[in-house]
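As structure tokens, the structure follows; a few thoughts come after it.
Per chain, numbering begins at 1; letters A, B, ... match sequence-line order. Since we're looking at a predicted model, the values are computed, not measured.
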Amino acid sequence: MSESTATSALRKTALNAVHRAAKSKMVDFGGWDMPVDCCGLIAEHMAVRTGVGVFDVSHMGDIQFRGPGSLAAVQKLCMNDASKLQVGQAQYSAMLYPNGTFVDDVVVHKLSDNDYLIVINAGTREKDVAWVRGVIGGMPGVHMNDYSDFYTQIAIQGPKAAETLQKLTSTDLSTIKNYWFTWGQVCGLHNVMIARTGYTGEDGFEIYIPSDETTSARVWAEVLEAGKEFGILACGLGARNTLRLEAGMALYGHEISDTINVFEAGLGRYAKLDYESKGDFVGRDALVKIQADGGPKRKLVGLEMVERGIGRDGYPVFSLDGKRVGEITSGSPSPFLKKNIAMAYVPVEFSAVDTEVAVEIRGQMVKARVVPLPFYKRAKK
Amino acid sequence: MAYPANYRYTKEHEWIAADGSAGSVGITDYAQDSLGDIVFVDLPKVGDAVEAGKTFGSVESVKAVSDLFAPVSGTVTAVNDALKDKPELINTDANTTWLIKVSLTDASQTNGLLTAADYEKFIAEETGH
């Protein structure tokens, strides 16, 4: 219970002083000194589900590809088909190892015909950048820039996110579709990238502003002020994790990693294996082979605890006759659904909805049931 | 944060309020604050034995689970049943929300525990503040 400790060796976002002044609880997250809990995880989580919340996600990495060869580079690196993107559109994708497991999952943004931005995870940044250099080294007409430290990235999420951000921008946010982005004036800053993306299962926006402390603190304060009438809360990584878990979204090091392949993770629909349209990419051969061999042997499932107890990350999953069959990758009480939920890898024969299993919670077998993913899906407007 | 002067404390962040051989056990203000929103408490039954330094249950917040360590040895004489439905009471007031009451095997055992001043010093060292 020493989570509020932080050492000076940790990396800090431009909003670090703001978080500390607000007395948010700070933790070491992948080498970053980040707020985990700003004013109470449950309150933050509920604010995002029912109103609006704001997150500092500046620790995420941003890699930009420029030049006539940039599309070819993205196509070689990522499993989704970036040639389908229009300027101003974003796409969920992943970079794979040759065996079909994950280097990282990413969001690809098409900035212009010769200009792509991929957003990568914080904890995997150095590894990702090195991987990208290795893969695209020698490819003609592409220049890579690591812009990770150039932006403060702020996520405004929740059913009232659009109304909140609309007060701060002249851009008509209703013209930005889900997983699209544009540039506009925000809080008096020019050329701010405004993306209708997020990691909470709600409607929301991610804005990219210059990473100087004064500007970052000012925009953060203006967002909080704009959302005041909707009960906006500053949110930490704790709420970010419970929100994405309810929404069934993968987290690197949990649902996806270098030991889990795309089909096991249930992300096969994002892997475009049609050579004619997409071409080759790192990991493609392995995925084709896995598919030809009958698909994955284990699958990611949703679990709902039937008996009292909370299944947590790393807890083993057993069949009802006592055989160890899998492991929880993320587990938590769900603040919105008021159930104890988890995601877990189990053999395919245990993956059907309503299959009963047991989770070992500190020596005791506690019954759980396979349920469909995601646990929570927002109502379509 | 408040640490009543008449309580004794463990380095695992439990408190005990003892009067002779009867004691109430809870977790400290620091512990509840570190854990965040508490959603589940697992406690022993009346009549169970607890042993100083050994776990007697667990307390869970949304993000973490934490074992509870007995400050003293003895027998459980009461369990705070209100926590079954309202574990968040611990967040509201950790100092008055007891978890279990214990009949101490040896009333002098509390002498070996931290005083409020010692505990505050320990927290300061642990958190580096």
Side-chain angles (χ1 to χ4, degrees), chain A residues 1-10 20 23-29 33 35-46 235-243 245-246 305 307-315 328 330-341 361-364 366, chain B residues 1 3 9-15 26-45 54-69 79 81 83-92 94 114 119-129:
Chain A
M1 272 191 270
S2 55
E3 288 185 356
S4 45
T5 6
T7 67
S8 55
L10 293 177
R20 292 207 164 260
K23 300 230 174 328
S24 293
K25 265 182 228 151
M26 308 298 282
V27 291
D28 174 353
F29 180 80
D33 184 42
V36 64
D37 189 326
C38 298
C39 62
L41 193 163
I42 294 176
E44 293 165 27
H45 182 110
M46 295 305 285
C235 303
L237 294 173
R240 191 167 157 84
N241 188 50
T242 50
L243 287 158
L245 172 58
E246 282 180 352
M305 302 306 299
E307 295 177 320
R308 264 165 73 92
I310 303 164
R312 297 196 183 262
D313 309 16
Y315 286 11
I328 287 179
S330 298
S332 166
S334 155
F336 186 75
L337 304 170
K338 308 222 179 329
K339 293 169 179 169
N340 296 327
I341 59 173
I361 301 179
R362 292 186 298 288
Q364 295 208 326
V366 180
Chain B
M1 278 182 226
Y3 307 106
Y9 300 87
T10 70
K11 288 187 174 178
E12 287 80 29
H13 311 292
E14 289 83 16
W15 55 256
I27 66 167
T28 66
D29 214 9
Y30 171 78
Q32 69 77 21
D33 184 65
S34 302
L35 278 163
D37 294 321
I38 291 170
V39 293
F40 187 68
V41 190
D42 190 24
L43 296 173
K45 290 187 285 294
K54 295 275 171 69
T55 63
F56 69 90
S58 60
V59 54
E60 300 201 40
S61 68
V62 180
K63 64 177 195 277
V65 53
S66 190
D67 281 329
L68 294 163
F69 294 89
V79 175
D81 284 330
L83 296 175
K84 259 188 197 152
D85 296 326
K86 288 195 159 188
E88 67 271 17
L89 288 173
I90 299 170
N91 290 120
T92 315
L114 302 175
Y119 180 68
E120 271 195 85
K121 208 173 137 206
F122 169 71
I123 296 292
E125 282 164 8
E126 197 178 55
T127 59
H129 296 302

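For B/Lys54, the salt bridge (charged side-chain N to carboxylate O under 4.0 Å, His left out) test picks out B/Glu51, with sequence neighbours left out.
Heavy atoms closer than 4.5 Å to chain A are found nowhere in B/Asn91, neither backbone nor side chain. Of the atoms belonging to B/Ser61, it is backbone heavy atoms, and not side-chain ones, that fall under 4.5 Å from chain A. Contacts of B/Val62 with chain A are made by both backbone and side-chain atoms, with heavy-atom separations under 4.5 Å.
Among all heavy-atom pairs drawn from B/Val39 and A/Pro333, the shortest one is CG2-CG, 3.6 Å. Smallest separation of non-hydrogen atoms from B/Ala64 and A/Arg312: O-NH2, 3.3 Å. Here the closest heavy-atom approach between residue B/Val41 and residue A/Arg308 is recorded as O-NH2, 4.2 Å.
If you take NZ on A/Lys23 and CG on B/Asp33, they are separated by 11.5 Å, rounding to the nearest 0.5 Å. From B/Thr55, atom OG1 reaches atom CZ of A/Arg362 across 9.5 Å, with rounding to the nearest 0.5 Å. Rounding to the nearest 0.5 Å gives a distance of 7.0 Å between CD of B/Glu60 and CD1 of A/Ile361. Atoms CG and NZ, from A/Asn241 and B/Lys63 in turn, are 11.0 Å apart once rounded to the nearest 0.5 Å.
Note: A/Gly40 leads A/Gly40, A/Ala43, A/Gly238, A/Ser334 in heavy-atom pairs under 4.5 Å with chain B.
Within a 6.0 Å sphere centred on CD of A/Glu307, heavy atoms belonging to other residues, nucleotides or ligands number more than 12.
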